[in-house]
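In what follows, a single structure is set out as structure tokens and then discussed.
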Amino acid sequence: MQAPTLTTDRLTLAPISKDHWEAYAAAWADPAMTEFIGGKPRTRTESWAKFLAASALWQFMGYGYWSFLDRATGRFLGNGGLSWFERGVAGLEGVPEAGWAFIPEAWGKGLATEAMGAALAWADDELKAPEIRCIIDPGNRASRRVAEKLGFRFLEATDEAMGRIELFSRQRGG
């Protein structure tokens, strides 16, 4: 399955393509972007593996990640959607995992809520998964607010191989 293209007032959620690679690599090399997602900037090699995995999810899972593009300019602003990354987190087993990340210049504008609102509406209509979960670093208050706006509810805090995380759940229809 190929990712569908979704649009919102300000964004295009586009299938991840090689055209997005350089902007993606630059975004994930930024320490501000990775502060609460892995805690360190990614090398190009690490980013390439994640980039390929994100695009392959559609083929294997029937859902996946999109590139979040400014609708007016086409500029890459971030990426996200639904995943199954085999993280070894018991609370994620058997359910799609929502995730989002934006370049710092896009923060504080409601874009994460807008993008993921569209992604979750697609999931409710097409995927029909009864539940979607997400994990958030306890220090990332902005992502926690986004999750709550999207209908996610706190389940638990847990220590995992990746460190301390908070697990959230959203029932279909949010």
Side-chain angles (χ1 to χ4, degrees), residues 1-17 19-21 23-24 27-28 33-34 36-38 50-87 89 91-137 140 142-155 165-174:
M1 174 178 189
Q2 167 101 3
T5 298
L6 307 177
T7 57
T8 69
D9 289 343
R10 299 177 290 167
L11 298 169
T12 300
L13 282 67
I16 292 173
S17 79
D19 293 341
H20 308 144
W21 163 243
Y24 176 98
W28 285 99
M33 181 141 151
T34 60
F36 296 115
I37 308 171
K50 296 280 190 178
F51 187 77
L52 293 177
S55 64
L57 282 167
W58 288 98
Q59 178 184 355
F60 290 103
M61 303 306 297
Y63 56 84
Y65 270 26
W66 286 271
S67 288
F68 300 146
L69 309 175
D70 181 290
R71 190 168 169 189
T73 66
R75 181 179 180 215
F76 179 90
L77 299 176
N79 66 286
L82 302 174
S83 66
W84 188 296
F85 286 137
E86 288 296 325
R87 295 181 188 277
V89 176
L92 294 176
E93 290 178 15
V95 295
E97 176 190 353
W100 54 90
F102 279 83
I103 61 173
E105 298 86 61
W107 293 353
K109 299 175 182 172
L111 294 172
T113 304
E114 186 174 325
M116 289 307 295
L120 292 168
W122 173 87
D124 288 344
D125 291 344
E126 301 295 328
L127 187 59
K128 300 186 186 333
E131 179 184 18
I132 294 172
R133 292 189 175 180
C134 69
I135 58 173
I136 299 174
D137 181 292
N140 195 342
S143 275
R144 184 180 182 131
R145 283 192 302 276
V146 169
E148 290 168 347
K149 287 178 190 175
L150 294 168
F152 285 91
R153 300 293 169 246
F154 177 79
L155 291 178
I165 60 165
E166 295 179 339
L167 183 66
F168 293 79
S169 173
R170 177 189 179 272
Q171 301 302 307
R172 184 169 166 229

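All values reported here derive from a predicted model rather than from experimental measurement.
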Task: Closest heavy-atom pair and its distance - H20, S67 - done: ND1-OG, 2.8 Å
- [ ] Rounded to the nearest 0.5 Å, what's the gap from CZ on R71 to CG on L77? Could you check?
- [x] 13.5 Å
Open item on the list: Measuring from atom CD1 of I165 to atom CG of L92, what distance do you get when rounded to the nearest 0.5 angstrom?
Closed with: 6.0 Å
Open item on the list: With ring pair (Phe, Tyr, Trp, His ring centres under 6.0 Å) as the test, pick out the partner of F68 among F102, W100, Y24.
Closed with: F102
Task: Donor-acceptor pair, side chain of R170 and main chain of L150, under 3.5 angstrom - done: yes
Open item on the list: Just so I know, are the side chains of W58 and P4 near enough to count as touching, which here means a heavy-atom distance under 4.5 Å?
Closed with: yes
Task: Pairing residues for F85 by the ring pair (Phe, Tyr, Trp, His ring centres under 6.0 Å) criterion, not counting sequence neighbours - done: Y65
Open item on the list: Between R75 and E105 (salt bridge meaning N to carboxylate O under 4.0 Å), is one present in this structure?
Closed with: yes
Open item on the list: Could you tell me if the side chain of R10 sits less than 4.5 Å from the side chain of D70, heavy atoms only?
Closed with: no
Open item on the list: For a quick test of reading the model, state the closest non-hydrogen atom pair linking L82 to W122 and the distance between them.
Closed with: CD1-CZ3, 4.4 Å
Open item on the list: Return the CD1 to CG distance between I37 and D137, rounded to the nearest 0.5 Å.
Closed with: 9.0 Å
Open item on the list: So for atom CZ, which belongs to F60, do other residues, nucleotides or ligands contribute more than 12 heavy atoms lying within a distance under 6.0 Å?
Closed with: no
Task: Check: L11 and L6 side chains under 4.5 Å, non-hydrogen atoms - done: no
Open item on the list: Among residues at least two apart in sequence or on other chains, which ones pass ring pair (Phe, Tyr, Trp, His ring centres under 6.0 Å) with F76?
Closed with: none
Task: Rounded distance [0.5 Å steps], CZ in R145 versus CD1 in I136 - done: 10.5 Å
Task: Exercise: identify the closest heavy-atom pair between P15 and A3 - done: CG-O, 3.2 Å
Task: R87 side chain reached by I135 side chain, heavy atoms, under 4.5 Å - done: yes
Open item on the list: Within this structure, what is the CG-NZ distance for the pair N79 and K50, rounded to the nearest 0.5 Å?
Closed with: 11.0 Å
Task: Any donor-acceptor pair under 3.5 Å from R133 side chain to S169 backbone - done: no
Open item on the list: As an exercise, state the distance from CD of Q2 to CD of Q59, rounded to the nearest 0.5 Å.
Closed with: 10.5 Å
Open item on the list: Is it the case that the side chains of T12 and W66 hold a donor-acceptor pair, with the cut-off being a distance below 3.5 Å and no angle test?
Closed with: no
Open item on the list: Looking at every heavy atom in both A98 and F152, which two are closest together, and how far apart are they?
Closed with: CB-CZ, 3.8 Å
Task: Minimum heavy-atom distance between L69 and A14, given as atom pair plus value - done: CD1-CB, 3.7 Å
Task: Shortest non-hydrogen separation from R153 to E148 and the atoms involved - done: NH1-O, 3.5 Å
